[in-house]
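Sequence lines set the chain letters: A, B, ... in the order given, protein chains first and strands last, and positions in each chain run from 1.
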There are 2 protein chains.
Amino acid sequence: MSTLQRIGLVGGGVIGAGWAARFLLNGHDVVVFDPDPEIERKLGEVLANARRANAKLMSGLALPEGKLTIAGSIEEAVSDADFVQESLPEREDLKQQLLARMDAATRPEVVIASSTSGLLPSRLQRDMAHPERFVVGHPFNPVYLLPLVEICGGEKTARETKLAAAALYEQIGMRPLRVRKEIDGFIADRLLEAQWREALWLVHDGVATTEEIDDAIRFGAGLRWSFMGNFMIYRVAGGEAGMRHFLAQFGPALKLPWTKLVAPELSDELIDRVAEQSDDQAAGTSIRDLERLRDDCLVSVLGGLRARDYGAGAVVKAHEQRIIDQLAERDAATETSPDGLLVLYRGRVLPEWIDYNGHMTEGRYLQCFAEASDTLLRRIGVDGAYVAGGRSYFTVETHIMHAAEAKLDAPLEVRTQILRGGKKRLHVFHQLFGPDDLLLASAEQMLLHVDIKAQRAVAAEGDVRKALAALAEAHADLPRPKAVGRHVGADRD
Amino acid sequence: MSTLQRIGLVGGGVIGAGWAARFLLNGHDVVVFDPDPEIERKLGEVLANARRANAKLMSGLALPEGKLTIAGSIEEAVSDADFVQESLPEREDLKQQLLARMDAATRPEVVIASSTSGLLPSRLQRDMAHPERFVVGHPFNPVYLLPLVEICGGEKTARETKLAAAALYEQIGMRPLRVRKEIDGFIADRLLEAQWREALWLVHDGVATTEEIDDAIRFGAGLRWSFMGNFMIYRVAGGEAGMRHFLAQFGPALKLPWTKLVAPELSDELIDRVAEQSDDQAAGTSIRDLERLRDDCLVSVLGGLRARDYGAGAVVKAHEQRIIDQLAERDAATETSPDGLLVLYRGRVLPEWIDYNGHMTEGRYLQCFAEASDTLLRRIGVDGAYVAGGRSYFTVETHIMHAAEAKLDAPLEVRTQILRGGKKRLHVFHQLFGPDDLLLASAEQMLLHVDIKAQRAVAAEGDVRKALAALAEAHADLPRPKAVGRHVGADRD
């Protein structure tokens with residue numbers, strides 16, 4: 001499941017760069033080709049946004065990032081790839097021609113997927129020598145946050161190709177949706193396009209501005225659509241009588257002239273109107289700021305739904321578990337500092353961690369220490385399965401001593417000494433270091449092994465206890481830090 | 001602003017009952033008429049759902065509920081009302097006839113609003129003697145959670161009527177959207193209907209099931225629509241080149257056959273298919289359970305967006321502030337707890353504060369305590385100007401003891417005892433309480449008054465020292481908490 005691959009990406013625009021970020025953040029190496037001379041800067045900007053959003057969404061849980069390479073040609077991007085994703089402009093002739101080139105330059109068993117939002121796979125695969133390994137994998141922007149990917153094969157696509165693509169997408173935290181019938185626009189873009197065409201009519205006819213149309217969605221039905229589609233929403237609205245009742249009640253509205261049902265002409269005048277109203281709506285906010293606002297809102301919405309373990313929240317939760325398990329595998333051999341301590345956390349001071357005093361705010365110190373404790377727990381075998389089995393460690397007590405300030409972007413590292421690893425108690429001493437090995441703070445923590453449901457301390461289970469005992473044994477001869485056992489306000493040396 | 005009114009509701013179905021709940025929970029008295037013999041039970045069920053959702057969303061902040069009365073006739077429901085809201089079935093002739101009756105039974109200055117989702121106000125007001133006080137106020141289900149309400153007047157509607165309706169809706173936490181041109185379906189339902197008709201086609205043609213269509217929205221674009229509409233989303237996707245670039249890039253897709261662009265015939269066969277697929281999708285979950293799931297997800301999404309103060313989250317935040325102000329007016333909210341401690345922080349466990357153990361993650365405990373310390377500092381005069389002058393308090397040491405877990409949406413309150421307020425040192429003891437006064441954790445903290453530039457402790461300045469001394473003096477006789485002076489791992493009593 002966690003086999004890391006080399007991904008060849010052809011096209012590095014908004015969608016291609018989003019793919020690059022999602023693959024890299026999930027540990028895969030990525031080789032991108034795009035003729036844009038600014039490709040490196042543009043990829044870097046999307047990747048920075050993605051890192052920021054991912055750190056918030058996954059509360060710091062992160063696999064080591066894959067390696068990003070910029071290729072000089074399509075062939076260079078795909079020739080060594082284990083999986084190819086094409087995100088070129090939506091022109092059928094261009095895609096046909098370049099897909100044939102990718103096909104010729106890649107081992108025949110490698111899957112080649114297209115990000116097209118609506119072109120037919122049977123037509124796109126037409127000129128390929130190995131059309132059976134071609135499939136559509138249509139993602140949504142921002143690719144690094146939205147889980148949906150539509151999978152649609154053409155007439156010549158092999159079943160194994162669809163399965164392989166779905167498996168890889170799932171492994172990077174996405175939610176594949178199999179499209180059974182090959183139609184223009186697949187499923188999602190048919191729905192989006194119907195709404196979009198109607199929205200353009202409303203602007204065209206002067207019924208509403210772009211801002212009013214957006215408000216008509218985001219303050220109403222759009223809130224519901226973040227976790228339930230129309231059919232489920234209407235089923236619930238229909239009440240005890242169910243879906244039949246709902247259709248009987250609102251069926252007649254289908255006869256009413258409530259949509260224009262044709263696409264408006266995209267005249268210069270309509271383009272001007274949309275562009276001007278859109279400028280008014282943005283009120284001078286830059287695209288970069290809007291991107292961050294969008295990502296922050298998505299993180300909050302996904303975080304909220306994760307707590308419900310429903311819809312996209314369930315996808316995020318499952319992916320978080322997948323990452324925890326992968327980290328656990330990797331943590332089996334983590335580093336030790338020169339003085340024999342465990343290195344359990346590495347990060348950087350993010351902009352939103354800075355308080356009105358201009359340095360890292362208090363709560364973030366404990367966040368770093370808590371993440372170090374989490375890493376330690378995974379390392380001794382307290383992984384997703386263990387917690388699902390009803391056992392975990394809870395922190396019962398923490399004593400923090402501040403030594404120096406941490407500024408924006410400062411690198412952070414937590415090194416930890418095991419003071420005691422008993423049947424129930426885990427007593428640790430963390431130190432947080434900044435640039436040039438400057439000690440920023442220390443935290444002495446007592447954790448207790450608990451039965452989650454019974455809410456009481458119980459002895460840790462066999463393998464966990466053994467793993468912990470081994471770590472504690474390795475630290476038995478380390479000197480005891482002076483801060484241990486200290487109470488608040490005691491004289492400092 | 002907080003003048004409480006008597007609201008007459010005609011129609012107590014899903015929408016009417018939702019209005020009843022929203023008005024009652026915001027302190028207004030409500031009189032409902034509906035010929036359904038089970039109206040009392042049905043209203044009670046919706047109200048129970050609404051109370052539950054509102055308590056979670058508003059973290060227990062609640063105005064005293066208004067009084068609910070069931071009326072025996074339309075006239076009884078509206079005759080003493082200060083505002084009337086009609087939520088009858090969507091039949092123009094029925095609404096015309098009964099609106100005329102309401103008109104005849106109500107003082108002429110009372111606004112009469114209709115919940116119609118798409119019928120034209122000019123036609124609905126046709127038979128009223130006072131058509132100027134008629135307006136459409138179209139809400140969305142569930143009315144007690146979704147903020148959007150479309151306001152649309154007919155030819156004879158007075159401007160004052162629209163303003164009065166908008167003001168009342170805002171006061172109960174909604175987001176009025178003024179519809180400038182009177183068209184069938186207003187704004188929102190034109191967009192919804194276009195998507196709904198296309199969705200029915202996809203089922204009709206066997207392209208996708210109801211569940212697949214729902215998934216195509218809720219794992220993708222639906223997540224974005226909870227805070228930004230298509231125009232803003234596409235502007236961001238267009239990148240630095242803006243909306244014009246986006247239209248140029250995706251304009252050609254408007255020519256593609258990506259929608260059916262007509263409404264399908266609602267044949268018995270299509271009804272059967274939709275109803276059966278909807279049953280499969282619900283997999284036996286009852287409507288009551290689905291309603292609660294929907295409401296919980298909405299609460300999480302709204303709660304997440306409130307943290308961003310954006311979109312519907314900004315509406316909720318402003319409404320929360322309105323309720324806090326109203327409550328403060330009401331009982332001149334004390335800042336001291338019954339046992340004489342300072343109440344320095346009130347909040348709620350947000351979705352992104354939950355960790356893999358399912359409860360509030362460690363770092364957030366210290367965040368709450370740190371915010372309480374910040375409030376304390378502001379109260380003794382350590383404000384922006386003071387910090388800008390080069391002085392501040394820095395936390396040097398913290399000892400946290402955990403006592404219980406905090407779950408999603410739990411209300412939080414920090415109460416604080418000043419142990420010592422000296423020249424340089426500020427020694428405090430915070431306690432964090434959850435629901436039902438449950439102690440979640442305590443934190444003993446030592447703060448030091450510093451010269452920020454010189455990075456050393458200096459004596460606090462005159463007014464700050466005096467303010468702090470006064471607070472410390474008021475706490476001088478409070479018992480010393482047992483946890484003070486404790487070191488990590490000491491035996492608990």
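Heavy atoms of Val203(B) lying under 4.5 Å from chain A belong exclusively to its side chain. For Tyr234(B), the part lying under 4.5 angstrom from a heavy atom of chain A is the side chain only. Contact annotation for Leu177(A): only side-chain heavy atoms (C-beta onward) come within less than 4.5 Å of a heavy atom of chain B. Both the backbone and the side chain of Val207(B) have a heavy atom closer than 4.5 Å to some heavy atom of chain A.
Considering all non-hydrogen atoms of both residues, Ala208(A) and Ile187(B) come closest at CB-CD1, 3.6 Å.
The shortest side-chain heavy-atom distance between Leu191(A) and Ile213(B) falls under the 4.5 Å cut-off. Annotation: side chain of Leu293(A) is in contact with side chain of Tyr310(B) (closest heavy-atom distance under 4.5 Å). Side-chain contact check for Leu200(A) versus Phe231(B): some heavy-atom pair is nearer than 4.5 Å. No side-chain heavy atom of Met232(A) sits under 4.5 Å from any side-chain heavy atom of Arg218(B). The shortest distance between side-chain heavy atoms of Ile217(B) and Leu192(A) falls below 4.5 Å.
In this structure, the side-chain contact (heavy atoms from CB on, under 4.5 Å) partners of Ala370(B), at least two apart in sequence or on a different chain, are Glu362(A).
Between Glu405(A) and Gln455(B), the side chains place a donor N or O and an acceptor N or O closer than 3.5 Å (distance only, hydrogens not considered).
Atoms OG1 and CD, on Thr361(B) and Gln367(A) in that order, are 7.5 Å from each other to the nearest 0.5 Å.
Of the listed residues (Ile233(A), Val14(A), Asp215(A)), the greatest number of heavy-atom pairs within a distance under 4.5 Å of chain B belongs to Asp215(A).
When each of Glu397(B), Glu444(B), His487(B), Arg486(B) is paired with His399(A), the side chain to side chain donor-acceptor pair (under 3.5 Å) condition holds for Glu397(B) and for no other.
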